[in-house]
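Within every chain, numbering begins at 1; the chains are lettered A, B, ... in the order of the sequence lines, protein sequences first and strands thereafter. From a predicted model like this one, the values you see are computed outputs, not experimental measurements. Every heavy atom of this structure was used, including side-chain atoms; hydrogens, water molecules and symmetry mates were not.
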Amino acid sequence: MDPEATEGAVVSWPAVFVAIFGAVAALSAVAVVLSRNVVHAALYLVVVLGAAGAIFLVLGAEFVGWTQILIYVGAIVVLLLFGLMLTAAPIGTHALDNQQRGVAFMTSAAVFGVFTFIIWRSFGSQRIHLNQVVRTSDVGRSLFSGYILPFEVVSVLLLAALVGAIVLAKKD
Amino acid sequence: MAVTELPTAGMLPGGPGEGVQVVIAGEELPTQEMTLSIGPQHPSTHGVLRVVLTLDGERIDTATPVIGYMHRAFDKLSEARDYRQIIALSNRHDWLSAFGNELGVALATERLMGIEAPERAQWIRMLMAEWNRVLNHLMFLGSFGLELGAMTPMFYAFREREDIQTLMEMATGARMHFTYCRVGGLKEDLPKGFLQYSEVLVKRIRHRLLDYEGLLLGNEIFKKRTVGIGVLPGEVAKSYGVTGPILHASGVAEDSRKTEPYLKYSEVDFEVPVGEHGDSFDRFNVLYHRIEQSLRIIEQVHAKLPAGPIMPGKMPKYLKPPEGWTYVRTENSLGETGYYLVSRGDTKPWRLKMRTPSFHNVSMIPYLLKGVLLPDLIAVLGSVFFVVGDVDR
Amino acid sequence: MIFYHFFSNPWAVFALKLAAVFIFFLTAPLVLGYVEHKGLAHMQSRLGPMEAGRFHGWAQLIADGVKFIQKEDIVPDAADRRIFMLAPMIVIIPVSLVFLVIPFGPAAVSCHAPAGTGGCGFWGENFDVGIFFVLAISAISVIGMLMAGWASANKFSLIGAIRGAAQLIAYELPLVLAASAVAMQAGTLSLVGIGDAQKAYWFVFPQIAGFIIFVIASLAELSRPPFDMPIADSEIIFGHMTEYTGIRFGLFLLSEYAGIVSLSAIAVVLYLGAWHGFIVPWIPGPIWTLAKIGALSFLVIWLRATYPRLREDQLQKMAWKYLIPIALVNILLTMIFKVVF
Amino acid sequence: MSLAWVLTLGAFLFSVGVYGVLARKNAVLVLMSIELMLNSVNINLIAFNAWFRDSAAVGQIFALFIITVAAAEVGVGLAIVLLVFRNRKTINVDEVDLLKW
Amino acid sequence: MTPDEIAAHLTEATGAAERSDVAHGEVSVWVPNDKWVEVATHLRDCGRCHFDLPTFLTAVDLEEQGFEVVLHMYSVRRQHHVNVKTQLARDEPRLPTLSGVWNGLNWCERETWELFGIDFTGHPNQVKLLLPVEFEGFPLRKDFLLMTREAKEWPGLKEPAEVEH
């Protein structure tokens with residue numbers, strides 16, 4: 001597809017950053033699902049999301065990167081921590097896993113295997129070139145011209161979720 | 001397990017919050033109630049009061065005051081001291097209204113012995129008692145603001161208190177524990193320049209009270225925090241034995257300076273400010289206006305102070321009140337301070353029961369705190385004026 | 001000649017800028033803290049610090065800092081040790097990063113700096129999405145607050161942290177909405193661009209509602225009086241900082257004062273004409289910026305001497321019932337303004 | 001840099017999320033795992049966006065949509081969790097097996 | 001009502017008053033133990049008495065005659081006082097509680113219980129109030145000696161000139 005796709009393996013700075021942040025994200029993600037302490041798990045999730053945000057920045061998606069940090073780290077994880085603390089998260093370790101760990105592991109390993117196989121099969125030789133920075137104004141222009149309908153739909157979804165959450169959480 | 005409270009027969013609505021805790025065992029699921037112990041070393045309980053709260057989120061389910069950290073056996077100790085020594089003992093417990101406390105002991109002893117203090121001594125006692133009241137109320141005005149997060153009134157209050165303490169020091173030689181009363185009269189006459197300074201102070205404090213009005217009484221946020229918070233109906237207040245500014249704020253104008261005037265209170269003109277709703281704002285408002293009334297009394301004392309001796313001509317070497325009993329009530333800064341004195345004709349009292357206003361005010365706390373928010377705890381607790389020494393004695 | 005070579009090297013300039021930002025980050029809170037000590041003291045008819053440094057206690061905060069460093073760093077037994085120790089860093093790093101993008105002056109006329117070194121001007125870095133960066137990065141502090149509160153194993157800390165987080169989440173929204181109205185008005189997200197756009201008139205005039213919302217929301221974000229419920233000392237001791245001592249406590253305090261400076265600076269850039277002066281325009285831009293930041297910070301201190309604190313639910317009510325709707329209407333009006341004119 | 005490696009990272013995060021959803025008992029942890037999965041999709045979208053060098057930035061726009069959806073999901077999810085906790089005093093998904101309460 | 005009228009009214013209305021005494025303008029009415037709650041309820045409910053403010057409740061150790069429990073009441077409406085007293089035997093002193101009649105007596109009775117050892121039967125929460133839980137003895141009884149004072153008389157009891165050297 002891409003004419004430059006077959007270029008030799010040149011290690012560039014962005015690639016190094018992506019590798020570092022990717023490793024951090026992967027390790028922290030494992031920690032999220034293995035951690036024996038709910039609050040630790042949530043904090044590892046912060047690391048995953050932050051590292052993903054950093055990858056977005058490196059890949060030229062500046063606006064999405066900062067949105068990721070603003071929404072995910074600043075709001076979603078805080079909400080999750082809230083949920084944990086309101087439902088009594090004690091300091092210390094407790095049994096957080098159920099009996100189906102083996103099945104879960106096999107399922108996820110299978111998913112990972114299939115995905116990896118397909119990815120390397122299809123895109124194994126493709127390369128990303130970061131010579132073009134997508135500016136925020138382009139994102140905005142595109143969002144409010146071609147994707148205005150999905151944007152509105154998402155707004156309605158958010159509103160519905162807001163109302164739903166209030167109705168659910170309200171004391172009778 | 002659900003914890004419920006046994007209703008006790010004959011209680012007023014709301015109950016005392018002190019009923020027996022009954023654990024109902026059954027299929028109920030364990031609740032996630034949180035127990036929070038405020039104090040004894042918590043910044044907002046001024047002193048060592050401890051309040052054990054059970055919380056549901058930030059809402060208080062039950063509040064149980066735990067007192068006694070400063071108990072020093074006033075009743076027992078006074079059975080081992082003679083009457084003059086008890087005066088020094090009695091002004092220790094409520095350190096904010098020392099003069100008011102010692103006045104009660106002196107009055108009780110005088111009544112049993114049939115002595116009456118000379119005119120001038122009575123007027124001076126009244127003057128000192130009112131200055132002491134101002135001293136006390138300023139402290140609560142300031143600290144209430146501080147507990148609601150307004151720092152400045154506290155410093156202003158201390159500025160004024162400093163002046164008044166200087167004034168009291170001129171006469172008594174002490175800044176807190178005056179020990180100025182004697183059975184029969186006073187330690188000594190007022191020094192030169194006292195009245196002049198007193199007059200200056202009345203004007204100065206009256207002027208500066210406007211600052212508090214602007215900073216607290218007129219402040220929107222302050223009103224939001226206090227209006228309608230911790231409402232205490234007059235009937236409930238009375239049933240708990242609550243007296244003083246808190247009772248007045250609940251709309252009951254019971255003040256023994258008016259109803260059973262002692263000293264020369266019948267000869268001066270003053271009002272008892274009362275509140276309407278009995279909420280925290282009213283309590284604070286009453287406190288504020290009581291200062292004005294005290295200043296009014298002080299001004300009248302300045303005008304009417306007669307000349308004369310300050311002790312009766314001849315006092316016995318040993319004070320031996322005849323056998324009998326009496327109960328003397330005085331309207332102290334925070335309410336009714338009374339002394340129930342039983343004498344068997346000895347130099348020491350047989351029994352001296354001290355009835356303190358703070359004790360009864362604090363016993364009412366569970367009623368006020370039921371169902372309020374944790375942040376309102378402060379607005380309520382700060383407006384239930386008490387001195388921990390006065391609670392524990 | 002050597003100077004010329006030095007300044008023609010963009011990386012050297014960038015390093016210099018970083019150093020300057022770092023020094024400003026360390027000194028501005030100290031100065032502000034001292035002003036708070038003395039200003040509050042005089043408002044409350046007392047003297048404040050008088051001893052340290054001989055002249056009106058000018059060295060008081062330096063002495064305090066030294067004291068914090070010397071004190072023992074205590075971690076409570078029941079605490080979650082690692083999180084407890086990490087929390088102050090999580091709080092202070094985002095605050096310090098905000099200083100990187102505050103523009104103190106206009107862009108230089110000619111500039112040859114390569115991408116990634118921040119361009120030429122009195123700022124550390126000129127992001128394309130500057131205002132967005134500021135808002136995103138300062139949201140991270142909440143995590144630190146929750147970490148501190150939870151890891152302390154203290155009920156007061158936990159209540160303080162939950163209050164603080166609830167407050168920060170609620171007030172993030174009016175803050176973002178108010179700022180986005182400014183971004184609409186200026187037509188850019190870049191802080192430098194917003195500063196430039198105020199050459200003709202300051203945005204505080206068309207955006208007066210936004211300015212008031214921004215200042216109120218900033219106060220709530222900073223948990224300063226009258227919105228200091230998360231650290232309300234008469235209720236919950238010191239909120240999430242209750243168990244901290246020594247240098248870690250010092251970091252929390254530093255982040256509080258640095259937060260005042262940074263949010264004042266952002267407000268100055270967004271609303272108060274950034275480096276544009278009036279009456280005496282010959283005074284250089286950076287001095288104007290500093291003066292405006294100082295004035296706004298002083299307002300924050302002044303409020304502390306004046307107001308009692310609100311209650312948590314009253315604060316939430318204010319955010320959701322008043323500030324957010326007003327901010328939305330403000331955006332709408334700005335939109336109409338932009339379309340019509 | 002190689003596109004496949006970034007996509008592999010996304011796949012890895014996704015399967016870790018799958019594991020978490022299946023193996024965790026605590027409902028909030030399940031929500032977190034779902035966040036992991038959503039986030040892995042974001043990584044894919046951004047990677048493809050960078051690879052396509054799309055001037056319309058469609059990948060970024062969809063990433064924004066997903067972030068929005070995630071926020072909505074967490075809001076509703078946590079409300080449900082709190083409601084379950086209030087009624088059942090537990091947030092272990094295994095124990096919430098009644099269809100009524 | 002004047003103190004004498006109160007005494008007469010109580011004798012008449014409840015038939016419980018054993019004797020009464022007016023000293024220094026205040027009336028004391030002695031009632032038997034078993035009429036304690038009845039009298040207190042009457043004081044609260046009777047329109048003429050209308051005692052609504054419990055001032056204090058305490059006890060006096062009369063040594064061999066046992067204890068005398070004193071309840072002081074005040075009426076805000078009618079502005080009169082009354083002291084209701086009752087005598088208890090020294091061994092196992094026991095009295096029904098009044099905490100159901102006036103909330104404010106709850107703490108007073110707890111205090112009297114821990115300081116005098118008078119058991120208020122039916123009290124909802126009779127636990128130590130002022131003293132530490134592990135404290136033993138009833139300090140305000142006369143046979144509870146103030147040990148430091150037993151070892152050495154309070155030196156201030158005598159004038160300096162009277163002290164023997």
J.: Among Ser2(D), Ala71(D), Ala47(D), Ala50(D), which has the most heavy-atom pairs under 4.5 Å with chain A?
T.: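 Ranked by contacts with chain A, first place is Ser2(D).
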J.: Just so I understand: if I count every heavy-atom pair under 4.5 Å between each of Val69(D), Val6(D), Val76(D), Asn39(D) and chain A, which residue has the most?
T.: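 Most pairs with chain A among the choices: Asn39(D).
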J.: Could you check if a side-chain atom of Val24(A) sits within less than 4.5 angstrom of a side-chain atom of Val47(A), using non-hydrogen atoms only?
T.: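 Result yes, sub-4.5 Å side-chain heavy-atom pair found.
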J.: Heavy-atom cut-off 4.5 Å, strictly under: side chain, backbone, both or neither for Phe14(D) against chain A?
T.: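 Side chain only.
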J.: Please report the interatomic distance CD1(Ile67(D)) to CD1(Ile76(A)), rounded to the nearest 0.5 Å.
T.: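 It is 7.5 Å, given to the nearest 0.5 Å.
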J.: Nearest 0.5 angstrom please: Glu152(A) CD to Phe144(A) CZ, how far?
T.: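 Separation between the atoms: 8.0 Å.
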J.: Between Leu143(A) and chain D, which part of the residue has a heavy atom less than 4.5 Å away: side chain, backbone, both or neither?
T.: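 Leu143(A) touches chain D through backbone and side-chain heavy atoms alike.
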J.: With respect to chain D, which residue among Ser142(A), Ser155(A), Gly102(A) yields the maximal number of heavy-atom pairs within a distance under 4.5 Å?
T.: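 Of Ser142(A), Ser155(A), Gly102(A), Ser142(A) has the most heavy-atom pairs under 4.5 Å with chain D.
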J.: Determine the option with the most heavy-atom pairs under 4.5 angstrom with chain D, choosing from Pro150(A), Ala109(A), Gly65(A), Gly164(A).
T.: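 It is Pro150(A).
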J.: By a 4.5 Å heavy-atom criterion (distance strictly below it), what part of Glu73(D) contacts chain A: side chain, backbone, both, or neither?
T.: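 Neither part.
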J.: Rounded to the nearest 0.5 Å, what separation is found between the CZ atom of Phe63(A) and the CG atom of Leu64(D)?
T.: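 So the gap between those two atoms works out to 6.0 Å.
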J.: So which of Leu162(A), Val64(A), Val30(A) has the largest heavy-atom pair count under 4.5 angstrom toward chain D?
T.: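 Option with the top pair count is Val64(A).
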J.: For Tyr72(A), is it the side chain, the backbone, both or neither that has a heavy atom under 4.5 Å from a heavy atom of chain D?
T.: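 Interface part for Tyr72(A): side chain.
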J.: Against chain D, label Val32(A) side chain, backbone, both or neither, depending on which of its atoms sit under 4.5 Å from a heavy atom there.
T.: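 For Val32(A), backbone and side chain are both near chain D.
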J.: Is any side-chain heavy atom of Ile66(D) closer than 4.5 Å to one of Leu45(D)?
T.: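 Leu45(D) vs Ile66(D): side chains touch.
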J.: Quick check on Thr8(D) against chain A: is it the side chain, the backbone, both or neither that has a heavy atom closer than 4.5 Å?
T.: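 Contact with chain A involves both backbone and side-chain atoms of Thr8(D).
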J.: Just give me the residue among Val18(A), Val154(A), Ile119(A) that pairs up with chain D most often, heavy atom to heavy atom, under 4.5 Å.
T.: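 If we count pairs closer than 4.5 Å to chain D, Ile119(A) comes out on top.
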J.: When you compare the side chain of Phe48(D) with that of Phe123(A), does any pair of heavy atoms fall below 4.5 Å?
T.: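 Touching, per the 4.5 Å side-chain cut-off.
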J.: For chain D, which of Leu80(A), Val48(A), Thr67(A) has the most heavy-atom pairs under 4.5 Å?
T.: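 The candidate making the most pairs under 4.5 Å is Leu80(A).
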J.: Less than 4.5 Å to any heavy atom of chain D: does that hold for the side chain of Leu79(A), its backbone, both, or neither?
T.: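 Both the backbone and the side chain of Leu79(A) come within 4.5 Å of chain D.
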J.: Counting heavy-atom pairs closer than 4.5 Å to chain A, which one of Ile61(D), Ile43(D), Val18(D), Val58(D) comes out on top?
T.: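 The option with the most such pairs is Ile61(D).
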J.: Between Leu7(D) and chain A, with a heavy-atom cut-off of 4.5 Å, which part of the residue counts as in contact: side chain, backbone, both or neither?
T.: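 Both backbone and side chain.
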J.: Parallel, tilted or perpendicular: which fits the ring planes of Phe65(D) and Phe62(D), with parallel below 30° and perpendicular above 60°?
T.: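 Taking Phe62(D) first and then Phe65(D), their aromatic rings stand perpendicular (interplane angle over 60°).
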J.: Quick one, Leu13(D) and Met37(D) - any side-chain contact, counting heavy atoms below 4.5 Å?
T.: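 SC-SC contact between Leu13(D) and Met37(D) ruled out.
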J.: Side-chain atoms of residues 39-46 of chain A: list all donor-acceptor pairs with protein atoms under 3.5 Å, sequence neighbours left out, distances to 0.1 Å.
T.:
unit_1   : atom_1 : unit_2   : atom_2 : d
His40(A) : NE2    : Asp80(C) : OD1    : 3.3
His40(A) : NE2    : Asp80(C) : OD2    : 2.6

J.: Within a strict 4.5 Å, meaning less than it, do heavy atoms of the Leu22(D) and Ser108(A) side chains meet?
T.: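 Of all side-chain heavy-atom pairs linking Ser108(A) with Leu22(D), none is under 4.5 Å.
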